[in-house]
Amino acid sequence: MRSAYLYHLLHLLLLVAHPSSVSSWKRDEFRNCNQTPFCKRARSRKPGSCALIATDVVIADGDLTAKLIPKNPSQEDQEPINPLILTLSVYQDGILRLKIDEDPSLDPPKKRFEVPDVIVPELLNKKLWLQRLSMETIYGDSEYSSVVYVLDGYEAVLRHYPFEVYVREKGGKRVVSLNSHGLFDFEQLRVKKEEEDWEERFKGHTDTRPYGPQSISFDVSFYGADFVYGIPEHATSLALKATRGPGVEESEPYRLFNLDVFEYIHDSPFGIYGSIPFMISHGKARGTSGFFWLNSAEMQIDVLGSGWNAESSISLPSDQNRIDTLWMSEAGVVDAFFFVGPGPKDVVRQYISVTGTPALPQLFATAYHQCRWNYRDEEDVENVDSKFDEHDIPYDVLWLDIEHADGKKYFTWDRVLFPNPEEMQKKLAAKGRHMVTIVDPHMKRDESYHLHKEASKKGYYVKDATGKDFDGWCWPGSSSYPDMLNPEIRSWWAEKFSYENYVGSTPSLYIWNDMNEPSVFNGPELTMPRDALHHGGVEHRELHNAYGYYFHMATADGLVKRGDEKDRPFVLSRSFFSGSQRYGAVWTGDNTAEWDHLRVSVPMILTLGLTGMTFSGADVGGFFGNPEPELLVRWYQLGAYYPFFRGHAHHDTKRREPWLFGERNTELMREAIHVRYVLLPYFYTLFREANMSGIPVVRPLWMEFPADEATFSNDEAFMVGNSLLVQGVYTERAKRVSVYLPGGQSWYDLRTGTVYKGGATHKLEASEESVPSFQRAGTIIPRKDRFRRSSTQMVNDPYTLVIALNTSQAAEGVLYIDDGESFEFDKGAYIHRHFVFCDGKLTSSNMAHSAPGKSQFSSDCVVERIILLGLSPAPKSALIEPANRKVEIGLGPLHLRGGWSPAVLTIRKPDVRIADDWTIKIL
Amino acid sequence: MKIQRIIFIAFMFCIVSIGRSASIPSKELLGVAPEDEKYYKASSSDTINCRDGSKKFTKSQLNDHFCDCLDGTDEPGTPACPNGKFYCRNRGHAPLSLYSSRVNDGICDCCDGSDEYDGKVNCANTCWEAGKVARDKLKKKIATYKEGVTLRKREVELAKLAVAKDESELSKLKDEEKILKGFVQQLKERKEQIEKAEEKERLQKEKEEKEKTEAEEANVEKSKAVEEADNQEGKPTESTNDDKIGLLENSHSEQDLVQDIDIYGNEGSPNNGVEQENGDSADQAAKEEKSSVAYETRLDHGSEISHDHVSKLEKDASENTESLSREELGRLVASRWTGEKTGQQTGEVDAANDDDHESHEERPKDVQDEEYEEYDSETEDDSQRYNADDDAEDFGDEDHGDASSSYKSDSDDELDLSDITTTRNPSWLEKIQQTVRNILQAVNLFETPMNRSEAAHVRKEYDESSAKLSKIESRISSLTKKLKHDFGPEKEFYSFYDKCFEFKQNKYVYKICPFKQASQEEGHSTTRLGNWEKFEDSYRFMQFSNGDKCWNGPDRSLKVKLRCGLKNEVTDVDEPSRCEYLALLSTPAVCLEEKLKELQDKLDLMNKEQPQGHDEL
């Protein structure tokens, strides 16, 4: 009675304190570095405390190998320290790999975990078989260093005494180094002593830690760097702020530990849903380099502000700007990659060649998605679908959240709410639309649930520390989690997506993987206990950050199998790891309807793009809370440029479909969505570029303008491809917006056609109708200006080319087209055009390197309109070759929608086929 | 090739519709509505203006698949202009104006298939079948409207009478109030005078008695008892009061009135009056619950509640999670996203809102009961307070054992009605007037000792008159409140004032009382969905807002969509967005004559547009 009363009181008080959100982020529910023994220990180590030296350096099997042993032989009363085995390998295009592990021949208590299935098998083909190493005495050293070739102009150096590894330019300038500050530490597995207590306790949870301490930490330095970026996922700035050093108070390291964080805050180094331990540095002096540590245990990374080591006696070559970082992980091995760059795109390509290229999404998946927790029943679905048509707002995908399933048993339907799921999907499909349902990893422990029965019978669940099926609490209540580390279980899971197994699914249905961190409501830090056991005796602590990755992988594989390997999968995942780009899209999880969350979505998405996850977006409108119409409109205007563009909302929020806020707001949101549809050909081309090179669809400005220092920490604006610059509007009732337009060329306002000078900051009047967006002079953007219900109906529509000429009256652009669905493009079934405008002539030429006998793709689409920006003097007509046909040039609108539109030079109806070679000569 | 095909299709179109209409849509006029054809034909020159005046285009640019006018004037028949509209005739059915984005998109939108002419899909002409279905539906709707319009007219007539009645009652009551107030004032003065005299007498007596005390100590008790008994006898009793009212109720005019009101009431559900009582009292009870909890909080902690306190409590709660079982912890955490409550231990139990139905299922039974007990005891206290302050008679005869039963609603007046309306009888006032005069004359203030029966009479009259006055006042205020409402342009919603509409859906019963409140009941628990706010969207919606707060969500609200129907009934309740409800109420009150005309015109048009040989009528 008393306690009940207390809770009433508590609730009442909470209501008073936070009228909008009763409970928000509970900081104390999650460990900070001080509560994490390995992190606390590593952080307190003094520079120079590493006492290892490299010996026995040889070339073997194309690698450089060595042993790391203590500088001073251990005293007799101390336990002898086993030597560690070090391996350096080199791969094409500037990649150095460093592995350090215990010596297996010395019989350690357990094999340390190496993350499987992340590195692509093709990497092996790129291995350079080292033949020789040269010895060299670095200035000031008394001992030798071993030097091997990395890339023309680059060498890797293993310094023996003290132990250090780095990549340098031939001239001697360092690029990236490891253990230059002597912070390297490797806790070797050992037998527990009697008096020792290895258990760790946190908030009522006990981690048995049967294998004891096994953490690894080391420092990594980036030379010639002004900023470091990467290591998602954090809600924070693009350029990573220092977490330690002078002026930094009480800051946590950037944490990489996949967690389901309720109402995460918009500026924090705290780890959220996914982890990619890949950092990129960029600076004016040297360019770009990268460092990637393949390790899926909990990781903490400090960015050390300059002067952090003022008391240390170690001095590094001082002629270069340098950023030092400290990397700490709870378990695993050192398997690290150094990327030499030297350009931003080079580093991304190097990383991608290790972890794989992003999947090419189906065309529909690059269009607009409409989601809500929850569209309740078939009537609701039909209603929402028809309202989009009624308001002439296109959309491609309607989503169903957890309530669609029967008791949150995924792969089933609540048959009261969804009596005819096939019918429902077919109705959508008839309009060219698709559906997505959610499938989470927690499986309800319910004997009547066939999947649970099967999984428990086959022993397919992750086990707890005692060896029983792990039983945690999630949406359905008591749940277990399939062990996705095991390829056999992944393949079993994949089978569940076949049309026979997933009753009620049709070919237009795709999948959403949520809660795959994994989220366990009653687990430590809302996730699985670290001592839970996976396939092969692997502890959950060792692979935690990759659990969601394997789950995503298994689901995507399932859709590939379902479609007979003919249909590209679409799977959205919340959790991710290095390599997730091969399996589908991610989003930034449960954000909030606040301006700050709109703002932080940009650095978050840019960071994801830099680290391979190009197909990403944030919930438009914000998941929690109710956005004011203005915020919602601004979010649509910005979200239209996210690679993954989806509106979503929590079930406690008001409905917020685009037509619910009055006619004017409906119009504004419709136009925002239309912008995305108009630009779909451009976006799809960019997705293909990412698919080939890893270069992300949306990019930080410095990726396109690496020498322009003003761009290095700009995360308010971003590039879409190399041709568009977008600046968000992040404040309420903004009157003016400052936009920095980089480079020497001008920029054309996408809406007004107004031309702005590059290399300057412009104070622009904020328009209600769009966020500032610009086309860079010297580029050609392909558009489709006709509007349809969904991308499906746009397939045969004609193109518009928008040519923005630079100062030398030239421009170029690319267009990629394929069937938008299948894997035939892999066999050459695509159209890849290169448009070049120069000397008053527009030429379309083939970029595809298709070999004869391969699959073909053709299109009857024509170019209906060519817009010429910046052409002078204004011509009257043009001649099409080889058809030898004359067409007129007149003034036409820049856009076909949005009321007022400026008149621009337009080639009317050239009607040249998009697939053909042709030239249009301005007369 | 493509153009040839278009021409061919256009040609086929001509043949099909030959003889029917002289205005055959040529290729140029594809997608143009008949009334717009002259716009394109009128110009004798080779150019046509864009409707928005922005520019001109040549006739050869009409429907040439290139958008020249931003408003789509030049491309009525193609998808080239995003702002364009495509007109399909749909002979046999109703014509349709489509967004031009639907033209040649592979989806058959027009039942005549005219929107898909590029040969990529083959759309069958389904206008005849679809038209028949639509016409039948329309006819049915028209029939409903016809009857509905009549019903509505009657309703409007009745409303006029009822309003007039209520208004005249109000003005009468106001007059009576004025007079009665005077009497009461007089009686009050007289009563006070008597009391003063009595007090004087008492003091005198006391003095005397004090003197006698020592001598007659043994007799004091006895004499006092006698005195008190005497006093008792002199007081007015319940029975006389009742008798009087009963007598007055029998008057003829009163009965007529009741009949009139009945005509009204019977159209709705028969037991509305009582139902509403419950709704109101539940509503009241909910308020009481809240205030009592708040009250208790204040009592226990006074002004000491500070931020420290809050954070300490928060801390306690979060530390408590350590002692939770794994399952409880899981539920607790899940509840953050879902807003569901998770039982006693979680520290998230919502004290004030015992209304989250989902949570009821989750919550252990005993906890629930405990809480109800708590509420019960609190509400009992409150009810006593409440009753003590209110001199309205106690009608609470049921004991449901839950919080929602025992309140007399403040907005309720039905029970008072029979009593108060007795004041309509003019003789009643005269009677009082007479009585008062008599009393005032009869009581001799200077007589000593006081004439006890006279004094008692004054008191009784005063009590009765002031009770009557307060009833009249409350009736006046409720009538004034009622008449202030917006009952629609023709007061067609007047009868809704005394009605509640119910709808059962699964385990819930929805109760909608226009101009008052709406609620959702599940067993004994009631959730307020909102208080009456207003009509919206030209009386097509009723809005109730500021209902019980949703956990982590908005205050509940209900929109009621009104639809023409022959009976007043709720046909559906839905919750499209969490805690925002939408009900569908069919009622003759919205069967508008204009709308009927509109529907008839539409039917006429459909009949006219039927292809030859298929004429239905």
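Within every chain, numbering begins at 1; the chains are lettered A, B, ... in the order of the sequence lines, protein sequences first and strands thereafter. Being a predicted model, the structure only gives us computed values, none of them experimental.
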Side chain, backbone, both or neither: which part of [X] has an atom under 4.5 Å from a heavy atom of chain B?
X        : answer
A:Asp471 : neither
A:Ala649 : neither
A:Glu403 : neither
A:Arg656 : neither
A:Leu660 : neither
A:Arg788 : both
A:Asp590 : side chain

inquiry  = Treating A:Asn626 as the side-chain partner and A:Lys654 as the backbone partner, does any N or O pair qualify as donor plus acceptor under 3.5 Å?
reply    = yes
task = Report yes or no: does B:Glu75 contribute a side-chain atom to a donor-acceptor pair with the main-chain N or O of B:Gly72 at less than 3.5 Å?
result = no
note = Taking every heavy atom of A:Tyr799 against every heavy atom of A:Lys784, the minimum-distance pair comes out as CZ-CE, 3.4 Å
Relative to chain A, which of [options] shows the most heavy atom pairs under 4.5 Å?
options                             : result
B:Glu327, B:Glu575, B:Arg102        : B:Arg102
B:Gly106, B:Pro79, B:Cys69, B:Ser54 : B:Pro79
B:Val103, B:Asp64, B:Asn104         : B:Asp64

Salt bridge or not between [X] and [Y]? Use side-chain N to carboxylate O under 4.0 Å.
X        : Y        : value
A:Asp514 : A:Arg574 : yes
B:Asp109 : A:Arg789 : yes
A:Arg897 : A:Asp392 : yes
A:Asp385 : A:Lys427 : no
A:Arg433 : A:Asp389 : yes

Options A:Arg865, A:Glu864, A:His674, A:Lys431, ranked by heavy-atom pairs under 4.5 Å with chain B, top entry = A:Arg865
message = Need one label for B:Cys67: side chain, backbone, both or neither, based on atoms under 4.5 Å from any heavy atom in chain A.
response = both
message = Less than 4.5 Å to any heavy atom of chain A: does that hold for the side chain of B:Glu580, its backbone, both, or neither?
response = side chain
task = Using the six-membered ring of B:Phe66, assess whether NZ or CZ of A:Lys909 lies under 6.0 Å from its centre and within 45 degrees of the ring axis.
result = no
